[in-house]
Number of protein chains: 2
Amino acid sequence: MKASIFDVAKRAGLSVVTVSRVLNGAGTVREKNRQKIMEAIKELDYRPSAAARSLARGKTGIIGLILTTLQDSFFDAVVKEINEALALHGYYLAVSVTREFGSDEAHYLIQEDRVDGLILLSPLEEGRLVSELKKRNIPYVIIDNQLPENTASSIAVDNYRGGYEAASHLLSLGHRNIAHLCGPELFLSTRERRSGFLDALKEAGMEPFAVEQGDYDIEFGYETARKWLADGTLPTAVFAGDDYIAIGFMNALMEAGVRVPEQLSVVGYDDQDIASRLRPFLTTVRQPSERIGLAAADMLLRKIDGKTKRSAGLKLKPELIIRQSTAARGEAN
Amino acid sequence: MKASIFDVAKRAGLSVVTVSRVLNGAGTVREKNRQKIMEAIKELDYRPSAAARSLARGKTGIIGLILTTLQDSFFDAVVKEINEALALHGYYLAVSVTREFGSDEAHYLIQEDRVDGLILLSPLEEGRLVSELKKRNIPYVIIDNQLPENTASSIAVDNYRGGYEAASHLLSLGHRNIAHLCGPELFLSTRERRSGFLDALKEAGMEPFAVEQGDYDIEFGYETARKWLADGTLPTAVFAGDDYIAIGFMNALMEAGVRVPEQLSVVGYDDQDIASRLRPFLTTVRQPSERIGLAAADMLLRKIDGKTKRSAGLKLKPELIIRQSTAARGEAN
DNA sequence: TTGAAAGCGATACCAG
DNA sequence: CTGGTATCGCTTTCAA
């Protein structure tokens, strides 16, 4: 039988109340008694029951985090950051991998009040879940919201700016034939990055070489490159909607013997781990995972404490990381 | 104020006991009353409290899963499989990302009985955690155990066989100068894969071209290739300890203009997502993620139900996936 | 079939 | 500083 707080109290010759006080670090306990209780706890190998505590306190000490995939280095970094930030405040993180949020069934984390708050990490379709959370009055924060109306409780990265900077970088290197490979229209990030890109070109009085649309994956980049290669007409620079598209694009070029960045410059987006490990190391736009994680944890904690008046969403600046895949336009092209 | 079971009972004009019965699907409730209660539940938007339930029942309905990184497509597949398998039995999965298991502090999931069971996915150092689990009598299953003594409650893939098959494949293609790039000695998988590789060669009466050791990453593969390239002496085939090493190796070859598989064949291990997306598509050894996930869930559930006599560990067969990176030894080499 | 009452293991308020 | 007691919300006997 597992030891309960009563066993500890009995063994220490004190009341459960006092034991509870020690457990919760209340200062109002005579040191001598504290010692006795600590000893009893150790001897019985006692651990308080999370369920009982939650019931009595009305909170669980757990923050839920919902994400859609476990193969993303950006997620990895953000989650680790959040983990630490929350631990500092006595909260633990429970991650749940879910792609779809079933018809009218809510997610189990919110279903039965298993968490004190929720973080949605780049949700695919946040609409239903968010309305459920609002209805149940569960504090939440969205990282990278897709719906504009959810900006108020979200941490986002300025995708417009990211696209703008990527283009500016290429422009400043002297490129005049720049293409953009964007992701699915469905994503807010796709549209914003593209706008930024296009605006930068427009300001420079330039038309894009092309703007192609496809999935955020290697295949799209690869196929597009193959197509252009077959046509025999390449841009001198490409801004890919994300690193995978960029990698696929470069993969095709390498295969065909076209050299990056000598003959063609490539910029990616996200700074996935692999982007800085595969040659040529990719120039890319990084989302500040540390700051995002920290901000998300902070914002959520504030919401939980109810200290927030009208919380405003946060928009962070991305950072252009210049590596090997971009270079000044050569005379050749 | 949130509705409790009492509110539902009152509203339905029945007792909490009956409500509880309906909640738990007991058949012994008059259909008419069932209806009434269901209605009351809907009207009040009532949800049972997980904490209260856990406390009363003595179990949480949650299975914990501990892993070390969120950037691994194999983990992703396994976790999704486990998720589904557990859901079928009414359990939910709470994932925790943890690299180290603090000194004498146990992990929060087991600390306060927050879970009914635990799955350790490719733990880095399982020793301390396992002894803690045993002591607390918490059912657990390890996927890919590192310590031989933990095999009894683990699901593992036959790494020896994987190494053996990779080598056999290369051998059957006529290669005679085969190298192996293995991971850190620390990992059981490293040692097993290498043994399998070496045994296959020995049986064929052959010596390896070389056996190099490094980290499981792109850099190691890349650097090794560069070294050999500089020396001007390459094997005709390479068996890499994992896909990243393979990718790094091929990356260097591509850069140097050495063609895979025409001039050199490469076999990876794990079948990471990217292995089948980057050209040339990698021949690799796949771990059966579906079967692993299913088996892990099954084994754990059995342990929880206490139906297990002396559970024996499970060892699954890996599968060689032949793609584009391997080909018969050309006359040239 | 149904319900009254006794836990489950903590916390919180109020006395002393 | 310490402890009695009610309470959190649900499940589980045990009678009726």
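Letters A, B, ... mirror the listed sequences (proteins, then strands); counts begin at 1.
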Subject >> A:Leu121 and its side chain to side chain contact (heavy atoms under 4.5 Å, CB included) partner, picked from A:Val141, A:Ile143, A:Asp144 >> reply: A:Ile143
**OP:** Under the salt bridge (Lys or Arg N to Asp or Glu O under 4.0 Å) rule, collect the residues that match up with B:Asp72, sequence neighbours excluded.
**Re:** none
Subject >> A:Lys36 NZ to A:Leu14 CG distance, which is reported to the nearest 0.5 Å >> reply: 5.5 Å
Please table the atom pairs, donor to acceptor, closer than 3.5 Å between any side-chain atom in residues 74-87 of chain A and protein atoms at least two apart or in another chain.
{"residue": "A:Asp76", "atom": "OD1", "partner": "A:Lys80", "partner atom": "NZ", "Å": "3.2"}
{"residue": "A:Asp76", "atom": "OD1", "partner": "B:Thr69", "partner atom": "OG1", "Å": "3.4"}
{"residue": "A:Asp76", "atom": "OD1", "partner": "B:Leu70", "partner atom": "N", "Å": "2.6"}
{"residue": "A:Asp76", "atom": "OD2", "partner": "A:Lys80", "partner atom": "NZ", "Å": "2.9"}
{"residue": "A:Lys80", "atom": "NZ", "partner": "B:Thr68", "partner atom": "O", "Å": "3.4"}
{"residue": "A:Asn83", "atom": "ND2", "partner": "B:Val97", "partner atom": "O", "Å": "3.2"}

Original post:
Near DNA chain D, under 4.0 Å by heavy atom, which residues of residues 3-22 of chain B?
Top reply: B:Ser4, B:Ile5, B:Val17, B:Ser20
Original post:
Which nucleotide of DNA chain C is the first, and which the last, in the 5' to 3' direction, to come under 4.0 Å of a heavy atom belonging to chain A?
Top reply: C:dG9 to C:dA12
Original post:
Who pairs with B:Ala26 by side-chain contact (heavy atoms from CB on, under 4.5 Å), at least two apart in sequence or on another chain?
Top reply: B:Arg21, B:Thr28
**OP:** State, to the nearest 10°, the angle formed by the axis through the first five base pairs of the helix from C:dT1-D:dA16 to C:dG16-D:dC1 and the axis through its last five.
**Re:** 30°
**OP:** Can you measure from CD1 (A:Ile138) to CG (A:Asp113) and round to the nearest 0.5 angstrom?
**Re:** 5.5 Å
Original post:
Using a heavy-atom distance cut-off of less than 4.0 Å, which residues of residues 51-63 of chain B contact DNA chain C?
Top reply: B:Leu55, B:Ala56
**OP:** Kindly say whether A:Leu147 contributes a backbone atom to a donor-acceptor pair with the side chain of A:Glu126 at under 3.5 angstrom?
**Re:** yes
Subject >> Interface limits on DNA chain D, where chain A has a heavy atom under 4.0 Å of a nucleotide atom >> reply: D:dC1 to D:dG9
Original post:
With sequence neighbours excluded, what pairs up with B:Lys59 under the side-chain contact (heavy atoms from CB on, under 4.5 Å) test?
Top reply: B:Arg57, B:Tyr91, B:Asp116
**OP:** Supply the atom-to-atom distance A:Leu124 CG to A:Thr98 OG1, rounded to the nearest 0.5 angstrom.
**Re:** 11.0 Å
**OP:** For B:Arg30 and for A:Leu23, find the nucleotide of DNA chain C with the closest heavy atom, then tell me which residue's nucleotide is more 5'.
**Re:** B:Arg30
Original post:
Counting only N and O atoms by type, is there a donor-acceptor contact under 3.5 Å from the side chain of A:Gln287 to the main-chain atoms of A:Asp270?
Top reply: no
**OP:** Report the residues that fulfil side-chain contact (heavy atoms from CB on, under 4.5 Å) with B:Glu43, sequence neighbours left out, ordered by chain and then residue number.
**Re:** B:Arg11, B:Glu39
**OP:** Look up atom CD in B:Gln71 and atom CG in A:Asp273, then write down how far apart they are to the nearest 0.5 Å.
**Re:** 4.5 Å
Original post:
Under the side-chain contact (heavy atoms from CB on, under 4.5 Å) test, which residues partner B:Ala3, sequence neighbours left out?
Top reply: B:Asp7, B:Leu44, B:Tyr46
Original post:
Does the pair B:Arg136/B:Glu132 count as a salt bridge with the N-to-O cut at 4.0 Å?
Top reply: yes
Original post:
Once you round to the nearest 0.5 Å, how far does CG of B:Leu188 lie from CG of B:Asn145?
Top reply: 6.5 Å
**OP:** Determine, step by step, whether A:Ile63 and A:Val115 satisfy the side-chain contact (heavy atoms from CB on, under 4.5 Å) criterion, reporting the C-alpha distance in whole Å, the side-chain angles of both residues, the deciding distance to 0.1 Å, and the verdict.
**Re:** CA-CA 5 Å; A:Ile63 300 295; A:Val115 297; 5.9 Å; no
**OP:** List in numerical order all residues of residues 33-45 of chain B for which some heavy atom is under 4.0 Å away from an atom belonging to DNA chain D.
**Re:** none
Original post:
If you measure from CE on B:Met38 to CG on B:Asn33, what distance do you get to the nearest 0.5 Å?
Top reply: 13.0 Å
